[in-house]
Number of protein chains: 2
Amino acid sequence: MKQDALPGRIAAEMASLIAAGDMPAESHLTAQSIADRFSVSRSPVRAAFKMLEGQGLVRQNRNRGYFVKPLTARTKSAAMKSASSNRDGPRAYYALAEDWVRDQIGDEVTETLLLDRYRISRSELTAILTRAVAEGWIERKPGYGWRLLPVAKTAEAQAQLYRVRLLLEPAAFLEPTFRIDRPALDGLRNDLERICDGAYLDWPEDRLHAIGVTFHEELVRMGGNPFLHQAIQRVNRMRRLLEYRSMIDRHRILAETREHLEILAPVAAGDLVEASFLMRRHVARALERKSGPATGTP
Amino acid sequence: MKQDALPGRIAAEMASLIAAGDMPAESHLTAQSIADRFSVSRSPVRAAFKMLEGQGLVRQNRNRGYFVKPLTARTKSAAMKSASSNRDGPRAYYALAEDWVRDQIGDEVTETLLLDRYRISRSELTAILTRAVAEGWIERKPGYGWRLLPVAKTAEAQAQLYRVRLLLEPAAFLEPTFRIDRPALDGLRNDLERICDGAYLDWPEDRLHAIGVTFHEELVRMGGNPFLHQAIQRVNRMRRLLEYRSMIDRHRILAETREHLEILAPVAAGDLVEASFLMRRHVARALERKSGPATGTP
DNA sequence: AATTGTTCTTTACTTATAAAAAAAGCAAAA
DNA sequence: TTTTGCTTTTTTTATAAGTAAAGAACAATT
């Protein structure tokens, strides 16, 4: 079996966009534009179209391509389901991550052990290890074997992750290279406002989560320091690893989204010091909440 | 050929230690202690011993093991040469990095291209890509191919790396989990004092560099926040990639080592706020010097 | 008792071939 | 001219057998 199913991932993401109304009914989905968006060729995109057609989300017009069908209650729920069922990573990756977080596996493992335990092919294992290395919770031992690194399993560790964010995120605004990216800013505001306008009740969980993460990462990206941006991306991926199972509290999402909009205002006005201050307060609040119960998307 | 030659790396590192006088003449090198130090088994260590014997650095006593031979001018220079020739990574890794930094290669590559260009095996390529991904300057494209990221090439990159250090390193002292690690502290001070006492002229470059890096990483490690520690490790690896070609200015090393010792004093005394302040000043100075010429190990 | 030297076992790398997937190319339709 | 639908080419993955390397076990030596 192919390691990850590119068409499936593309289809899932498009389903999410359609369900969220980003791709209105009757609009023409040109294969090349979708391909460009995902930076792939048209081949996997066509495969994705066929999957979406099977779900009743798009319609093919012979020699004219694919068009978005109007959403019905049926197709809408199908779209949301497909969007969330298709996580962006191989099943075994999450299985390993979960085993590690739950202490179901030792901290030094051999490749054969993993191969055997998760019933995967060598190249799938390679992909998983590469990813885990990139996300910083696995490293190769000098000889044979891999070492699983400490990860935010405990409440204390979660807090430590937030302390790193507290250091990095407010600092991004103060980088000398900070440049406001209007289109990105407008895109963010648009999403956030729609969430506040009720979408926080409708949209699939992973989309809400993704928008929250994107908000933080985009702002850090505007800081113009790629290493800062990279550091935050890693922290967020690590966070995702731990939080992906937890239910989202949709009312907390609303509260946090309002804070996000509050931060956006001074950024748009060019008051970066104020933005930095608000961001610090925002992350600090999230850190405080970590002493409490469930998990949101600050 | 084996991907990286573990015995060679171990031999090189031991050669460096012997040349630096860390392993005095006639001392007995027990295989297990060396194996533990590198967290490998005795097998590659024995192979390393044989290589060192060939270089005249150690002597085997039948059934008693290996012993350090007194350094002669000849063996000393051989040791330094071997230590520096054997970088801690596959040749092709640095070849690729250099090609990228020097714009000798496009920003999107296929595996076959790399396989062919650097004449390496598939698994060696996998190792190289995994490492580059971990260090954050390569990423997998969604379909086929890999994308080389511009992080490592821009002129500002060095300064931006230092700005991240400026954020993270002083903060480590202020973590609520900071715990002084006396043995580590003593080890650091010992190395630093020997450098100041003249070793800055003698010791091989990579050892001087490594001690500087270790100083910073160990202090951050004592902060007790593994994510902070990890972030700094990444920054340092990237720094190494950018700096690995540049000559070391041994007098700058001396100056910086003195600053390192200055920072150690308040740490040992438990005055972490002062240590944090001194660290900030130290890194800030190094950042300022980046406007100037050559490169040291701040 | 600790450590070496050696043997045996496990683990991972190499290489090659087949198959699957994605990318690239191109003629036909809109 | 753009975009589709289809074909061809390239790239990567899957699988498996053979080899090299590292790890583990154990008797011999100090």
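Nothing here was measured: the structure is a model prediction, and the numbers come from that model. Every chain is numbered from 1, with letters handed out A, B, ... down the list of sequences. Because only heavy atoms are used, hydrogens play no part in the values below, and waters and symmetry mates are left out as well, while side chains stay in.
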For the pair made of [atom1] in [X] and [atom2] in [N], what is the distance, rounded to whole Å?
X       : N       : atom1 : atom2 : result
L6(B)   : dA12(C) : CG    : P     : 13 Å
E108(B) : dT11(D) : CD    : C1'   : 14 Å
E111(B) : dA22(C) : CD    : C1'   : 13 Å
R122(B) : dT12(D) : CZ    : C1'   : 6 Å
E124(A) : dA21(C) : CD    : C1'   : 15 Å
R147(A) : dA22(D) : CZ    : P     : 16 Å
I120(B) : dT15(C) : CD1   : C1'   : 15 Å
L129(B) : dC13(C) : CG    : P     : 14 Å

Salt bridge (charged side-chain N to carboxylate O under 4.0 Å, His left out) against [X], all qualifying residues, sequence neighbours excluded:
X       : value
R117(B) : D99(B)
D181(B) : R221(B)
D103(B) : K153(B)

Picking from dT13(D), dT11(C), dA23(C), the nucleotide nearest the side-chain atoms of T110(A) would be dT11(C)
Of K141(B) and G145(A), the one whose closest nucleotide on DNA chain C sits nearer the 5' end is G145(A)
When you match F49(B) and P142(B) each to their closest nucleotide on DNA chain C, which lands nearer the 5' end?
F49(B)
Look up atom CG in L96(A) and atom CH2 in W146(A), then write down how far apart they are to the nearest 0.5 Å.
11.5 Å
What distance separates L149(A) CG from F227(B) CZ, expressed to the nearest 0.5 Å?
10.0 Å
Between S41(A) and dA23(C), does any side-chain N or O lie under 4.0 Å from OP1 or OP2?
yes
Side-chain donor-acceptor pair present, Y93(B), E124(B), cut-off under 3.5 Å:
no
Let's see if you get this right: which residues in residues 23-34 of chain B place a heavy atom under 4.0 Å from DNA chain D?
none
Assess whether atom CD of E135(B) is packed by more than 12 heavy atoms of other residues, nucleotides or ligands within 6.0 Å.
yes
Do the side chains of E111(B) and R122(B) get close enough for a salt bridge, i.e. N-O under 4.0 angstrom?
yes
Of L113(B) and A47(B), whose closest DNA chain D nucleotide lies nearer the 5' terminus?
L113(B)
So which protein nitrogen or oxygen atoms get under 3.5 Å of nucleotides 5-10 of chain C's nitrogens or oxygens?
from   : atom 1 : to     : atom 2 : distance (Å)
dG5(C) : OP1    : Q60(B) : NE2    : 3.0
dG5(C) : OP1    : N63(B) : N      : 3.1
dG5(C) : OP2    : R46(B) : NH2    : 2.2
dG5(C) : O5'    : R46(B) : NH2    : 3.3
dG5(C) : N7     : R42(B) : NH2    : 2.7
dG5(C) : O6     : R42(B) : NH1    : 3.1
dG5(C) : O6     : R42(B) : NH2    : 2.9

Any pair counted as side chain to side chain donor-acceptor pair (under 3.5 Å), so long as it reaches residues 19-28 of chain B, sequence neighbours left out
D22(B)-R194(B), D22(B)-R207(B), E26(B)-R59(B)
